[in-house]
Structures are given as C-alpha cells and as structure tokens.
Protein chains: 2
Amino acid sequence: MADVARAARVSPTTAARAIYNSGYVSEENRKRVMEAVEATGYRPNLQARSLRLQRTYTLGLILSSAKENPFYTHISHAIRTAASAAGFSMLTVNHSYSAEAEIAGIKQFLDHGVEAVILCHALDPRHLKPLIRSQVPIIQVERQDVEQAYSIAIDPLPGMVSAVRLLVEQGHQRIAFVGAKAPTAHEPSTPEQRRVDAFAIALEQCGLSVSDCPTVLGDYFPAAQDDDLPGFKLAEQLLSGPDARVTGIIAGSDILAAGILQAIYARGLRVPDDISIIGYDDSIAQFLSPPTSSIAQPYSAIGDAVVGFVEDVVADDAREIVREKRVTTALIARQSVGAAPKPRA
Amino acid sequence: MADVARAARVSPTTAARAIYNSGYVSEENRKRVMEAVEATGYRPNLQARSLRLQRTYTLGLILSSAKENPFYTHISHAIRTAASAAGFSMLTVNHSYSAEAEIAGIKQFLDHGVEAVILCHALDPRHLKPLIRSQVPIIQVERQDVEQAYSIAIDPLPGMVSAVRLLVEQGHQRIAFVGAKAPTAHEPSTPEQRRVDAFAIALEQCGLSVSDCPTVLGDYFPAAQDDDLPGFKLAEQLLSGPDARVTGIIAGSDILAAGILQAIYARGLRVPDDISIIGYDDSIAQFLSPPTSSIAQPYSAIGDAVVGFVEDVVADDAREIVREKRVTTALIARQSVGAAPKPRA
DNA sequence: TTGAAAGCGGTACCAT
DNA sequence: ATGGTACCGCTTTCAA
C-alpha cells in the first residue's frame, strides 16, 4: 500500500481513503490512486486489516460429520453460500463424535477470531464454554444446546402433517414412525423428540388411531462402516413384530429411510406396492430406489436466517435482537408413496 | 500479552520467549511467565502473528459441490482431518458449477493469505491464474488442470481389476461400464477417461471379450432436482438396447450406480439375482439397496498425501520436491454382486 | 540472559 | 482535502 501511495504521489492516508471510499479525497487524487492500484496490482492485506479493525469476517461452523449424515452436507452448503454472499468466510469443524476434534476445532475458531459460531450439532455443550467466555455469539440451528445463544427453530409439523395426509389420502391407516433416540440429553427438547411428537400430532389431525400407528426408536449413532444401517435393524424389528401390518413408514431421517428400504428390499417386498416410505431431511432421498419422498428441511431459509443473525449481532452489540427465528418443513413428493395395499397375509 | 509481561514483571520480549520456547529465558522467569499466562487466560493473537510471520496456517480447498456428489464430502473430510492434525485450518469453496462462486472463492483465499490451495475439481482452470501469479502453491487431487502444481494421481486400475475379477469369478461374461464423459476438457487425461481405460484393461487382464462388454457414457452433470438421475437414463438406454444381456454393470461413480439401481428397480429386476452392480467412489454405496459394492478411493491416503505436499512446500520453497504422488483404489465388497444368472429371454 | 525498539500492513485521530 | 503519527499484537534484531 505504501507502493500505491508512492506511485500516486500521495500519502498512505489519502490512498487508504481513496481505496476505502471514506472521508474526503479530491477527484484528481482518487483517480491517481485508482490507477496506481491497477498498476501495482494491490490487494489489501486482510491480516493487517483484521488486526487493526478487530474484525475477521470469518465464521465458524460446527457439525458432527457430513460423512455419516448427508444432511450436514446440505445445511453446510446452504449456510456457506449465504455467508459467502454476505462477505464472510467460513471455518468448518466436523467433530465426527470425537471430543478432541471438537475441542481442537473450537480452539481453532478462537485463534482465528471468528465473529460468530454456528452450531448445527455440538458433541458436548461444555466444550463451548471457551466461546462463551470470549463472548463469541453462538447461533444454533435446530438444536438448543446452550442457553446464551440465538436459535433457529425448525418446525417439523407442517411437513409431517403433509406426509401423514398424503398417506391417508392413499388409503393408509397403519403408519409407523421409525426415528432416533436423542443421542445425548443436554437439552430440554431435542429435534428427535420433536419429530416423534409431530408424528403423534399429525396422526391426530388426520384422524388416525395412535394404537394402529407404532413409533419405533433406535440409536441414531452411525453404524460402523459396513455394519447394517440403524434403519435396517429397526425395520427388521418392526416388520417381524406384531406391527408388521403397517402399510406406510415415515422415517426420522433419510439415512434411516435408506436402511428401511434395505430391509424391505431384503424381504422381497416392493415400494410403494407393498409398503410406502417417506424420509426426512431430503438429503439422499433422490438417490434411493425408488426415489423417495421426504420431509425437506428449508435449507436456504436456514442459511439466510443464520446470516441474518450474524449481521444483526456484528452490527449492534447488546441491542434487543430476537433470539429465535422459526422456519418450517415441507414435503417433497417422489415415487415411494402409493396406494395402500389390501391387507397382507 | 503486555498484560502477561506486566503480571510476570518481565519485558514483553521475555514473555514471548518463554511462551514460544525460543532463546534464553531463566528458569525463574519462565515459571513466572507461565503462571501469568494461566492467570490472565492469555491466547496468542493469530492475526498479529500472521502479520508478523507472514504465515497464516490456513489452506484453501476447491471442490464443485458435496451436495451434488457425496464423493466430495468424503474427500474434504479426509483432507480436513489431515490438515487439522498438522495444525492447518481450512477454507472451503464449493463452486457448484458457478463461475462467479469460483472466482469469488479464489479471491477469498487470496485475501486470507492461504498457504496452499487444494484442488479437487476446478470449474475453470483460468480462474486459478491469480493464485499462480501470487505464487500460491496448488495441489491437485486426481485431476490435472494446471501445469504449475503438485498432483496426487489416483490409479483406478487395481480397484477396477478386482471388480471385474470378482464378477468373472461369479460367472459373469457380459459386463457393462456406465461412466461419465469428461465435463470439461482442459486436461490431457481426465479421471473419467482413465476409468474407462481401466475398464478396458481390466477386461483384457481377465480374459473377457471387449465386444461383449459395452461402455456407455453420458453426461455427468448433475440432473436438475427431481429429474431422473443420469445413471437412470443411461441404464434405461443400456437395458432397452442390444446390450441388454449384460449380467453385471460397473458404474463410474456411486451416483451413477444409484441411478442404475433405480432403473433396475423400476423394471422389477433384482440385484444381485438378475444383475450385479459395482459402484465407484464408495460414497453412498452403503446406503443403497442392496448395499452396493464399490471401488473405493483411498481417502485417508489422499489426505495424508495432500498434507505431506503442504508441509514440504512451506518448509523449503524451491527445493526439489516430487511433483506427483500416486495412490491406489481398492474394491469394497458388499451385497450387490452375485452369481451370474442363466441367460434371460 | 534480558530489554528496547523497529516493523509487519493497515486505519484513525489530530493537525494543518 | 491532506498528511503525520500512533497503534493493533506479536516477533526479531541489536545492544546491554
């Protein structure tokens, strides 16, 4: 930048003003500076700027692992896109259920001076203490692991109601929900639980009998590589038990749906002829056989909401900002839902 | 850090030496400084350090989009993990086939002063010029889009030979390869082409007749949301044409395999009873029905190789460093391969 | 062994 | 409207 100033024969101060468009600069000088910028190929140094301005234009994102759950691929893509459009860079930490990884990642965030941290899935909220101590704003998506944070709440109900209604319209009366137990229990209400609850409410709204519609819950924790998927085991259990007469299954995630489809496939049944399936997340649903209907998360709305929070937070510190935004789910219909079959056996 | 020095009643210089373990510091002072560090909760400021040292400990990663192809999820996870273990942070750009996104991302890298850029899939190599001008080392994975770069070459042959051999052992004689055309053609040899070539070589090594084993190539470019998958269309084409007698299909990616399985499913055929399938990448193969065999990329070896390059590069600038490392593929066997059926029809 | 001072590349205050 | 100067937090000569 000294080079630019010299080439334009002005002081560094003036050069800075011209470049940053701040304060008074004469038209002539502005032009000379701009030319000098071109000539020298000047690029502002973000490190120096950050140091002086105490801003880094960087955000941190914590998620478990896109590897085990493609849902995180979508959410991180959406958030990244929105952040990027707003001029922020993103540092990402996939903790993959390793405490060390999460702790190291948070240290990394602190070192880089991220202006906010976005929490899609914390392994252990206690790891976040250093962030809170350092006053880094935290924005949590779907989960509510930590008190002192902004939240984006995702309402599962609209999508769930559409899903149940679609099945009912096709003549289904016995519908199962195959979901996940909350992996950990440091929050009052987990997304897992809310999905289960939404299923119950949706049943009621659609006039189905709860006793005909079982809920099966299992561990969500990723299966070891090449073990049977959790959804496979749960579906096996369901289909070999007393509730085998269900004609439709709603899964708590697309990953679960994938496993359920494998179990159905293994039994030689067909979707949707023998049984209808609806997933949740709309992450890999389009890749399954048959292409599977799924309750979609509003990814880009989430990304926008996150960045909205970030901008509010960096703008005014302690102002009255809404602490929670709500977004909603919707059903994406594909080929995995059909008319209910006549009772089998 | 001034605080630390004051609390320990030494000069900032001495405090720095104690913290960074460099130069001479008396035992007593060292102890006092360490205590002061604890007491004040001091954390070094990376911005300042970067500015002074002209190092950022940050890398850039460019890929198209993990959203459209889960392969990138795995590769970025592996690279991120290795980088993190070596003390580097990562900035990621998903260009999603948008030139603007790629250009903006590269600008972001330059602003942040990344020490190297890892290239999994560049949209347009011309966008990389600014990096080259700024002497940022580029490490490319699998592809070779740019001359002045280090490369990690992935040899498809071992995995491909295992795949063909497995099919042959199960009695298959007519095997198709369903692959992708190279999306762009700015390199001498694309991974897509190398996979096709590897298939031909593998056939020969296993003594199969090339005329019985068709190769079908289509556009890899992601289908619009809820369009039929590319693999679906290609499989439709294959199975309704003169080559419908194939009993095994090797796909050029798991995404293609997913579409192929959908086409097979739609026809009411069963895998592996009627036809055997092997995917490539081992990205979502475990989620498909049935769990699908796949030629796996050596993800963690790739991550290690990338970081190895980075460390070499930052260590000595213009030293003689190997410019290419090679890694290799291997077959992961699951349930999508079985004995060849008797000729149909 | 320790400390003072300069400087990395910018920005902002205060004079002029 | 413009320039001088101090300073962001840390590292590194150089002298003591």
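What's counted below: heavy atoms across the whole structure, side chains too, no hydrogens, waters or symmetry copies. Protein chains get the first letters and strands the later ones, always in sequence-line order, with residue 1 at the start of each.
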- Item | From dG9(D), dT1(C), dT2(D), nucleotide with atom closest to Leu51(B) side chain | dG9(D)
- Given dT2(C), is OP1 or OP2 found less than 4.0 Å from the side-chain N or O atoms of Ser26(B)? yes
- To the nearest Å, how far apart are Gln54(B) CD and dT12(D) P? 11 Å
- When the ring centroid of His74(A) is compared with that of Tyr72(A), is the distance short of 6.0 Å? no
- Using whole Å, report how far CZ of Arg55(A) lies from C1' of dG10(C). 16 Å
- Query: Taking atom C1' of dG3(D) as reference, at what distance in whole Å does atom CZ of Arg9(A) sit?
  - Reply: 16 Å
- Roughly how many Å is it from CG in Leu46(A) to C1' in dC8(C), rounded to a whole number? 14 Å
- Query: When the distance from CE of Met1(B) to P of dC8(D) is rounded to whole Å, what number comes out?
  - Reply: 14 Å
- Query: Start at the 5' end of DNA chain D and walk down; is the nucleotide closest to Pro44(B) or to Arg17(B) reached first?
  - Reply: Pro44(B)
- Query: Is any side-chain N or O of Thr13(A) under 3.5 Å from a base N or O of dG4(D), one able to act as donor and the other as acceptor?
  - Reply: yes
- Query: Judged by atom type as modelled, is there a donor-acceptor pair below 3.5 Å linking the side chain of His95(A) to the main-chain atoms of His121(A)?
  - Reply: yes
- Item | Any donor-acceptor N/O pair, Glu102(A) side chain to Leu123(A) backbone, under 3.5 Å | yes
- Item | Arg52(B) CZ - dA5(C) P separation (whole Å) | 16 Å
- Message: Based on the rotation axes of five pairs at each end, what angle does the helix from dT1(C)-dA16(D) to dT16(C)-dA1(D) bend through, to 10°?
- Response: 50°
- Item | Shortest side-chain distance from Ala16(A), nucleotide among dT11(C), dG9(C), dT1(C) | dT11(C)
- Message: Looking at Tyr150(A), I'd like to know if the NZ or CZ of Lys325(A) sits under 6.0 Å from its six-membered ring centre while staying within 45 degrees of the ring's axis.
- Response: no
- Item | N or O in side chain of Asn29(B) less than 4.0 angstrom from dT2(C) OP1/OP2 | yes
- Message: Quick check: do Val146(A) and Gln140(A) have side-chain heavy atoms less than 4.5 Å from each other?
- Response: yes
- Query: Are Arg49(B) and dG9(D) close enough that a side-chain N or O sits under 4.0 Å from OP1 or OP2?
  - Reply: no
- Task: Name the nucleic acid region contacted by Arg30(B), choosing base, sugar-phosphate or nothing; use a 4.0 angstrom heavy-atom cut-off, strictly under.
- Result: nothing
- Task: Kindly assign one of parallel, tilted or perpendicular to the pair Phe71(B) and Tyr299(B), based on the angle between their ring planes and the thresholds 30° and 60°.
- Result: tilted
- Message: So, applying side-chain hydrogen bond (donor to acceptor under 3.5 Å, both in side chains) with Asp111(B), which one of Gln47(A), Arg43(A), Arg49(A) is it?
- Response: Arg43(A)
- Query: Centre of Tyr57(A)'s six-membered ring, under 6.0 Å away, within 45 degrees of the axis: is that where NZ or CZ of Arg55(A) sits?
  - Reply: yes
- Task: Rounded to the nearest angstrom, tell me the gap between atom CD in Gln47(A) and atom C1' in dG7(C).
- Result: 16 Å
- Rounded to whole angstroms, how far apart are OH on Tyr57(B) and P on dC10(D)? 14 Å
- Task: Would you tell me if any nitrogen or oxygen in the side chain of Ser11(A) comes within less than 4.0 Å of OP1 or OP2 on dG4(D)?
- Result: no
- Task: For dC10(D), take OP1 and OP2 only and decide whether either is under 4.0 Å from a side-chain N or O of Tyr42(B).
- Result: yes
